[in-house]
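Chain identifiers are assigned alphabetically (A, B, ...) following the order of the sequence lines, protein sequences preceding nucleic acid strands; residue numbering begins at 1 within each chain. Just so we're clear, the structure is a prediction, and the values are computed from it rather than from any experiment.
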Amino acid sequence: MPSPRYWREIPSRYRLEAAACRGCKRVIYPKRQVCPQCGGVEFEATRLAHRGRVVTSTVVHVAPTDLQMEAPYAMAVVETEEGVRLMVQVADCDPSEVLPGMEVTLEFRLIRKEDHGGILCYGHKAVPVE
Amino acid sequence: MPSPRYWREIPSRYRLEAAACRGCKRVIYPKRQVCPQCGGVEFEATRLAHRGRVVTSTVVHVAPTDLQMEAPYAMAVVETEEGVRLMVQVADCDPSEVLPGMEVTLEFRLIRKEDHGGILCYGHKAVPVE
Amino acid sequence: MRDVAIISTGMTPFGELWQSGLRDLFVQAAREALMAVGSPSVDAIYVGNMSGGQFVGQEHLGPLMADHLGLAGVPATRVESACASGGVALRCGFLDVAAGASDLVLVAGVEKMNDGADVTNVLASAADQETEVYHGITFPGLYAMIARAHMARYGTTEEDLAAVSVKNHRHGARNPKAQFRSEVTAEQVMTSSMVAEPLRLLHCSPVSDGAAVVLLCPLERAREFTDAPIRIRSSGLATAPMALADRADPTFLDAVSLAAGRAYKSGGVTPSDIQVAEVHDCFSIAELCVLEALCFTERGSAGELTRAGETALGGRIPINTSGGLKSKGHPVGATGVAQAIEIVEQLRGEAGERQVPDATIGLAQNMGGSGASSVVHIFERV
Amino acid sequence: MRDVAIISTGMTPFGELWQSGLRDLFVQAAREALMAVGSPSVDAIYVGNMSGGQFVGQEHLGPLMADHLGLAGVPATRVESACASGGVALRCGFLDVAAGASDLVLVAGVEKMNDGADVTNVLASAADQETEVYHGITFPGLYAMIARAHMARYGTTEEDLAAVSVKNHRHGARNPKAQFRSEVTAEQVMTSSMVAEPLRLLHCSPVSDGAAVVLLCPLERAREFTDAPIRIRSSGLATAPMALADRADPTFLDAVSLAAGRAYKSGGVTPSDIQVAEVHDCFSIAELCVLEALCFTERGSAGELTRAGETALGGRIPINTSGGLKSKGHPVGATGVAQAIEIVEQLRGEAGERQVPDATIGLAQNMGGSGASSVVHIFERV
Ligand SMILES: [Zn+2]
Ligand SMILES: [Zn+2]
């Protein structure tokens, strides 16, 4: 059974729900109570575009326990068209090809199986644009 | 496989090894680097007598995960003949009979099976004197 | 050292707050405190938290909380002393302002306990893991042993213990932020399910989520922000042997006695000067032992004092007007700060139905583990 | 604020210390520091520790450590800021003495990492659990991303990164307390097993056990205890956004820059006044980024500075003469205090084979997570 910690994050992880600050227009993902840029507290709901570019990346060889079967895998900080950055795994490619500047789309995927119960945890991964 | 944390405690848990402070004669269990009574740092090795008396006690009904199958069980702070006090489970009796003043002996027993691996962890439990 | 004042407070309700994560709770309480005084700029943050690592896999709460409050950059430090983490955070903030290192300091206590972790195991990590927990004792079990020793030594009864819970629920029923706003009867307490003999469910504080925040500044600047500053007259912190077995008298809380002695002395007050107090009633027996260690009553007499109604609203020294940990709730790291907030409200005359008339000096006592650490603050209206 | 001095130090060797538990490590280092100055009575204890709860199931380290040192009763507080916990404990002790609240304060850093816990998971709790760790990033992975960004932006090379490890091992080989007392070649570094590209095993600090302790007192009393007090000239603490994705420039460590700026300003010194520094090289790239954030060199130029030998013993500004986290070891909560000890030894002229000639002003920089918190202290011989 997914924990409260998991389902609280579902809107951001499943639907890429974000918030646009009414003060400075910055888009914040996941949404927050206070804008880190201007301190504003009023937002409009928005969703991220599913398209972005790799800011920086790595290939994880020594993986956490839950993901050891997947290593080596590529991780990247991706900047979306709204200027939002998020940490994602990059799938469906040779991990060594994931480098700064690469264009990606964000796709809904299984992220991990957690703990001994094997709870299935979902979210978005990046996939290189052809 | 027992962890280092487990085997470091084996001398005190398996053999009731203690230390008598050369300064104030207080017996310390488990042994320490500094005497909590006089600040002394020189000790003679000793072993606790296996006999004592209950100082205070409880019966645990809501137990930690590893011990849920054993609840309710009695726990006691026992004072040995050397004036040392230790926290132990009290076995081989009706838990509700374990009350301050009860005379007990300390016996080597299985204390718990730890984690999913079911590691067997040993130590001493108290048993009422007939 | 500079005089230090509390100028503002903020607090989430306490309870099972399934919708809010650790960071949400903190931000909610902190924003309330900041907005009440016009959102001044903050020089430092202290976060009291017992076990973010074990409860929700999150350490490093200083920067996380500063960041989510929109204050990345500001110095932020997490402090821990088990269930006394909030009180100890308050003390660190107090020293920071007193030293002259910071002017405006935000002190938070926060804990998220209802998020899937094994609460019994996490709380036990406040006790000695090698000599106590290994053998099967639980956290309620340790206080149960203290209770049984107190009963054996002083003739304290189950009725005395129940009277603490009954009183604190009666107080908490008047507190809109309390987790349990319902009264209970002595019979309900004494027939509730057994946790660790002689303690039953209704002797135990609940598993709670919540956050509490106070803002501190030098007393001389306090009136820039509020007409009702509350001075922190003194702060006392002390420790005692970690394991219950290593304390000469299991019925007496040496750390509380020492911490209070330090706070009384540096504050220049005596126990009889205290008009209202929040004390650490994680279990009903704890309140009795604390009242004795604070010298509010003779050793062994706290049960009688409680049954006589002297610690209830309207009594000689009202204790836990907030409902205490028992009724208000006990998000462990938040508790010490929430106690300070109740005293601030009392000294400001803003406690509504819970108001102690004309209270000018109050005390908050917060405790870690089975009493291995305790922190005491004395507050006054200025 | 009162001037504050370090009057004594104590430290265990760093390494895989299977024979010693968390409490043993603390007591060993604390006794060494106390005995060196005639075991004076202690007014307060601060314990820097990242994750006793997750590593060994033990929170509430303040009272536990006071108790095992034979000092039950003394105020004792645990502070945490991930891998900066030790440096933050030093800052808390510094403020306590500066405030005039305590005279003699014992500051400890301690961590027991080799005791069966899943170290990768525990270290990840210094990062943002919800937006980073959930998606599969590890702690080395975060620094690997910083490294790749630095390479892309400034042309930093694998050779530059390797030069940090080679230098720090060369220094550490001269430190009897270091975990690895062996030199390594650039080729060994660049062919060691991959951890997170581009970082290999020999770019990473090891998993270590250890404790480090310093004693503080008011400078005006320091000569009662020692002929060679070291003044803490200033202390700066800062935070930055928790998640790497939330920082405008992943190659620049804002928290380090801010903390250093505060320490330089309140200490009245400039980067060029610093003659020796210990910096947080948890990964080789970290040392490069820190050198830039401390303004020891232009942004993007730290790799070149390192390859030119300017940060080695004999160079313009020797960095990590102790061997740094890489070679000396990195028991995470202990590191910040151990850094201070190295600077104390340098300023006292007691660093032996590692001595920087005539060093009178030194700096220690400690960092938490992927740079979300950092604390900087400046020390001087008086
Ligand atoms: Zn904004
Ligand atoms: Zn002795």
Side chain from CB out, backbone as N, CA, C, O: work out which of these in [X] comes under 4.5 Å of a heavy atom of chain C, or both, or neither.
| X | value |
| --- | --- |
| Arg23(D) | side chain |
| Ala66(D) | side chain |
| Ala127(D) | backbone |

Which one of [options] has the most heavy-atom pairs closer than 4.5 Å to chain D?
| options | answer |
| --- | --- |
| Cys83(C), Ala72(C), Ser125(C) | Ser125(C) |
| Ala124(C), Ala126(C), Gly100(C) | Ala126(C) |
| Gly73(C), Ser373(C), Ala82(C) | Gly73(C) |

Open item on the list: With rounding to the nearest 0.5 angstrom, report the CG to NE2 distance, Asp246(D) to His68(C).
Closed with: 7.5 Å

Open item on the list: To the nearest 0.5 Å, what is the distance between CG on Leu64(D) and CE on Met242(C)?
Closed with: 4.5 Å

Task: Residues Arg78(C), Arg78(D); criterion side chain to side chain contact (heavy atoms under 4.5 Å, CB included); working and verdict - done: CA-CA 9 Å; Arg78(C) 176 235 182 157; Arg78(D) 177 233 180 159; 3.9 Å; yes

Over all atoms of both residues, closest heavy-atom pair of [X] and [Y]:
| X | Y | answer |
| --- | --- | --- |
| Thr239(D) | Val74(C) | OG1-O, 2.7 Å |
| Leu95(C) | Ala99(D) | O-CB, 3.8 Å |
| Cys92(C) | Thr77(D) | SG-CG2, 4.5 Å |

Open item on the list: Need one label for Leu71(C): side chain, backbone, both or neither, based on atoms under 4.5 Å from any heavy atom in chain D.
Closed with: backbone

Open item on the list: If I measure from the heavy atoms of chain D, does Ala44(C) come under 4.5 Å with its side chain, its backbone, both, or neither?
Closed with: neither

- [ ] Using the test side chain to side chain contact (heavy atoms under 4.5 Å, CB included), find all partners of Arg262(D) that sit at least two apart in sequence or belong to another chain.
- [x]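 Arg262(D) satisfies side chain to side chain contact (heavy atoms under 4.5 Å, CB included) with Pro75(C), Ala238(D), Leu258(D) only.
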
Task: Per-residue contacts, residues 47-63 of chain D versus chain C, heavy atoms under 4.5 Å - done: Met50(D), Ser51(D), Gly53(D), Gln54(D), Val56(D), Gly57(D), Gln58(D), Glu59(D), His60(D), Leu61(D), Pro63(D)

Task: Contacts of residues 112-121 of chain D with chain C (heavy atom under 4.5 Å) - done: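 Hits under 4.5 Å: none found.
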
Open item on the list: Can you list everything that forms a side-chain hydrogen bond (donor to acceptor under 3.5 Å, both in side chains) with Asp96(C)? Sequence neighbours excluded, please.
Closed with: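 With neighbours one apart ignored, the set is Tyr46(C), Ser102(C).
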
Open item on the list: Out of Ser374(D), Ala240(D), Ala255(D), return the one with the most heavy atom pairs under 4.5 angstrom to chain C.
Closed with: Ala240(D)

Open item on the list: Quick check for you: among Asp254(D), Val79(D), Val88(D), which has the greatest number of heavy-atom pairs under 4.5 Å with chain C?
Closed with: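 Most heavy-atom pairs within the cutoff with chain C belong to Val79(D).
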
